[in-house]
Amino acid sequence: MPAKHPFVTKDQLVTIAEHYPTPFHLYDEAGIRANVEAVLDAFSWNPGFKEYFAVKANPNPRLISILAEYGCGCDCSSDTELMICDALDIRGSDIMFSSNDTPADDFRFARELGAIVNFDDITHIEFFERVAGPIPKTVSCRFNPGGLFQLANGIMDNPGDSKYGMTREQLFEAYRMLVDRGAENLGLHAFLASNTVTNDYYPALARILFELAVDLARETGAHIGFINLSGGVGIPYRPDQVPNDIHAIGEGVRRAFEEVLVPAGMGDVALCAEMGRFMMGPYGCLVTRAIHEKHIYKDYVGVDANACDLIRPAMYDAYHHITVMGQAGGPDKSGLPATRTYDIVGNLCENNDKFAHDRALPQVDIGDLLVIHDTGAHGYSMGYNYNGRLRHAEVLLRTDGSCELIRRAETAADYFATLDITDTGRALIARAARTS
Ligand SMILES: Cc1ncc(COP(=O)(O)O)c(C=O)c1O
């Protein structure tokens, strides 16, 4: 099996873990920067191209601000995500508000910030007018073609079973409603498949949206200013997967653009994306330490992280590669052959709290550091507090090799904070304050 290497060495990690107690999410600034530069280069043929980073993938303001340095905006789906943007001075057309089942307050706040609202449903147009005010001049709509979404390499996803977006008929009607209400610059959006590890996804999606945009412009008279390819560009979680080539993806989208939009006189359309996983996934890892081993019907290694730090394996049976690094004073295990088979588990009272099952790994000893790869997107952000377990810290490995704490670990006081309305709650908060 091809190797998958952590972005830190064993010695680096031992030093980092001396300063920051495990577990913690570690991010690679150099990797984030190199990747965003590659994305922008791949789409530089489209002068209006903009990446709206999907904040849901990683809402850490420090990481978002790195992407903002390159001109990236943010794709938000809730009022708290909007607040993060506001705090970072990211406003107006630098925000794509791609929400669904949207509460009135969220629409009001999106309007206040001047965000581009991407309507998930036709009924949201009148709802928005009622709760947030007149339709802005620049707005967008989300399309759902239904059925199965297939590429040559198989079925990618099942839009017909997805709650998002509008049918084709609804989309045409929505465009007419928006034009009637004064919208001048319309956008078109779709998200048809998640974590696609193929260079064909974006080009295929682009062709669908470009052809639809030509029909929409012709039939509704709307000016289509931008087309949003959304997220879904995947990463190779498994070592045997061939990574996406963002330049091949950009070139495939360019070909569809030249073949469909340019002949229709729509060569001025700006493209945008809302990638989350591709922008951040590989540039984060969960660093954890082996604290127990247990041998019953299987061999288990208990680590100090759990599914509250990374729910993807428990939720989707998602594969995350694991590298056993070793510990201070011991050998570097990162290149050792896999001679053992383990389940790597956390401490939740849930049997799916396993970062890996039946995984071939080198011998793990108590005290060893383990790197759980590709947790930079949909990792910390999907965390939760089952069993009263707390979410841990986030640390940024800077380009100069230094480290910066970019989110502290939760404390028991954080966990109890919302109970401040009763005497018991206040007692718990005081109790937590004494132990933290
Ligand atoms: C509307 C929208 N945009 C963008 C994304 C980001 O997707 P990904 O992280 O796969 O790029 C998501 C993910 O759920 C989404 O729902």
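In each ligand, atom 1 is the first atom listed, and ligand 1 is the first ligand listed. These values consider heavy atoms only, across backbone and side chains, with no hydrogens, waters or symmetry-generated copies.
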> Given the rule in the ring-ring contact (aromatic ring centres under 6.0 Å, His included) test, do F119 and F128 qualify, once you have shown the distances and angles that lead to the verdict?
Replying inline: CA-CA 9 Å; F119 286 113; F128 180 95; 5.6 Å; yes
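Geometric assessment of R142 against the ring of Y164 yields a positive cation-pi assignment under the 6.0 Å and 45° thresholds. Geometrically, R207 does not engage F257 in a cation-pi contact, judged by NZ or CZ lying under 6.0 Å from the ring centre and within 45° of the ring axis.
Scanning the protein heavy atoms around atom 10 (O) of ligand 1, the nearest turns out to be G232 N, 3.1 Å. Given atom 3 (N) of ligand 1, the protein heavy atom at minimum distance is E274 OE1, 2.7 Å. The nearest protein atom to atom 11 (O) of ligand 1, hydrogens excluded, is given as G276 N, 2.9 Å; this is a heavy-atom distance. Nearest to atom 2 (C) of ligand 1 among the protein's heavy atoms is K56 NZ, 3.3 Å.
Neither the backbone nor the side chain of M96 comes within contact range of ligand 1; no heavy atom lies under 4.0 Å. Under 4.0 Å from ligand 1, the heavy atoms of F191 that appear belong solely to its side chain. With a 4.0 Å heavy-atom cut-off, ligand 1 is reached by no atom of M279.
Below 4.0 Å from some heavy atom of A54 lie the following atoms of ligand 1, by number and element: 4 (C), 5 (C), 6 (C). Remark: ligand 1 atoms within the under-4.0 Å shell around heavy atoms of R142 are 1 (C). Taking a cut-off of under 4.0 Å to the non-hydrogen atoms of M275, the atoms of ligand 1 that pass are 11 (O).
Under 4.0 Å is where a charged nitrogen must lie from a carboxylate oxygen, and between D94 and K50 at least one such pair does. A salt bridge links K56 with D75: at least one charged nitrogen is closer than 4.0 Å to a carboxylate oxygen. With respect to the salt-bridge test (charged N to carboxylate O, under 4.0 angstrom), the residues R33 and E29 qualify. Using a 4.0 Å cut-off between charged side-chain N and carboxylate O, R254 and E251 make a salt bridge.
Screening N158, L192, D157, D161 for a side chain to side chain contact (heavy atoms under 4.5 Å, CB included) with L148, the sole residue that qualifies is N158. The side chain to side chain contact (heavy atoms under 4.5 Å, CB included) with I16 is formed by just one residue from the set L26, V287, L369; it is L26.
Residue-to-ligand polar distances place H378 within reach of ligand 1: an N/O pair is separated by less than 3.5 Å. Ligand 1 has an N or O atom lying under 3.5 Å from an N or O atom of D75, backbone or side chain. Residue S230 has at least one nitrogen or oxygen atom sitting less than 3.5 Å from a nitrogen or oxygen atom of ligand 1, judged on distance alone. Between H189 and ligand 1, no N or O atom pair is found at a separation short of 3.5 Å.
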